[in-house]
Amino acid sequence: MPAGSAQVLVKLEGGNPTGSYKDRMALAMIEGAERSGRLQPGQRVVEFTGGSTGSSLAFICAVKGYPLSVVSSDAFSPEKLRTMQAFGADLVVVPSDQGRITPDLFVRMRHEVDRIVASDNAFWTDQFNNEDALDGYAILGQEILDQTAGTELHTFCAAVGTGGMMVGVGRTLRPHLNRIVALEPASSPMLTKGFGGAHRVEGTATGTIPPLLAEGAYDEARAVEESEARELVKSLSRQEGVFAGTSSALNVVGAIQLASELSPDQTVVTVAADTGLKYLAGDLYL
């Protein structure tokens, strides 16, 4: 941290049952569909996902007795794919472009979802449009308020994937802080420059503006170099005991940059989205 910077607080979400904050969102989407009657007992559920949402849905569906089909890709960590299968999900793996996350990959994954909906009468949770997800993230926002009680918050920042966490947490925190900043990898600067690109920050930057990211959901968007996040990952674990993935490190890099522009009596808060246990098979911790 640069001298004279604001305080940075990081909400650790790796302790959730599947090691990710997506557990909150998955439960909210399934229970919202149950309440509305869109999901019937024993009906198949389907979603396309980079892995954390799929792992969380597999966990929830296993507990509640719904068969689940997950569409993912070899661009995402094998630990996530294996977790989905461990909970009993059927997995469809769509090939990537040399392991990179590209806008076209999500289009091809969506086509597989459409096929499964048509053939199996499956309920698509549709995480990019499902507003029930915001209920789960609102709880996360309230926990941040409870756990920082007595601390004056200035800025909340987080990387954008579906946009659900930014919106759900932001709605809860908005009355209690000055600014909300959306982050994205600089190699896929849709929010800052209007175009997507290839990157390896799982769970972020799909190359589109997510529908849940409504106007006014954030005050500013910033691009963060993926290389800086990947470099910080090891320092976070070895010096701070924060064991997480690239998107979490991207959040922390953004938070540090924002903190350097504020005074020591101010506070920036962000989220470590998941556990580093999801990334040990790749090159992140080598």
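With hydrogens and angles ignored, the 3.5 Å screen pairs a side-chain donor or acceptor of Ser55 with a backbone N or O of Gly51. In this structure a side-chain-to-backbone donor-acceptor pair under 3.5 Å is missing from Ser237 to Val242. With Thr267 contributing its side chain and Leu153 its backbone, the two residues share no donor-acceptor pair below 3.5 Å. Not a single donor-acceptor pair under 3.5 Å links the side chain of Glu184 to the backbone N or O of Val224. The backbone N or O of Ala281 lies less than 3.5 Å from a partner atom in the side chain of Glu79, making a donor-acceptor pair. Remark: the backbone N or O of Thr125 is paired with a side-chain donor or acceptor of Asn130 at under 3.5 angstrom.
Side-chain atoms of Ser260 and Gln257 form no donor-acceptor pair, as typed in the model, at a separation below 3.5 Å. When only modelled atom types and interatomic distance are considered, Thr246 and Glu202 share no side-chain donor-acceptor pair under 3.5 Å. In this structure, a donor-acceptor pair under 3.5 Å is present between the side chains of Asp23 and Ser56. Between the side chains of Thr172 and Gln142, no donor N or O sits under 3.5 Å from an acceptor N or O. Judged by distance alone, the side chains of Thr192 and Arg222 never bring a donor and an acceptor atom under 3.5 Å apart. Between the side chains of Lys11 and Tyr21, no donor N or O sits under 3.5 Å from an acceptor N or O. Side chains of Thr102 and Arg100: no donor on one and acceptor on the other come within 3.5 Å.
A salt bridge between Arg24 and Glu13 is present, with a side-chain N of the basic residue lying under 4.0 Å from a carboxylate O of the acidic one. Arg44 has a carboxylate O that lies under 4.0 Å from a charged side-chain N of Asp90, or vice versa, which qualifies the two as a salt bridge. Between Arg38 and Asp126 no salt bridge is recorded (no basic side-chain N to carboxylate O distance below 4.0 Å). Ionic pairing of Glu112 and Arg115 is present here: one or more N-O contacts between side-chain nitrogen and carboxylate oxygen are shorter than 4.0 angstrom.
Each side chain to side chain donor-acceptor pair (under 3.5 Å) pair with one or both residues in residues 204-218, not counting sequence neighbours, appears once here: Thr206-Thr208.
Cluster annotation: Ile101 is not connected to Val70 through the hydrophobic network of ILVMFWY side chains, with a link wherever side-chain heavy atoms come within less than 4.5 Å.
Taking the ring centroids of Phe243 and Tyr285, they lie under the 6.0 Å cut-off. Between Tyr66 and Phe123, the gap from one ring centroid to the other reaches at least 6.0 Å.
In Gln85, the CD atom is crowded: over 12 heavy atoms of neighbouring residues, nucleotides or ligands sit closer than 6.0 Å. Counted within 6.0 Å of CZ on Arg82, heavy atoms from surrounding residues, nucleotides or ligands total 12 or fewer; the atom is thus considered open. Atom CD of Glu231 is surrounded by 12 or fewer heavy atoms from other residues, nucleotides or ligands within 6.0 Å.
Here the side chains of Val94 and Leu105 are in contact, with some heavy-atom distance below 4.5 Å.
The aromatic rings of Phe87 and Phe59 lie tilted to each other, with the angle between the two planes from 30° to 60°.
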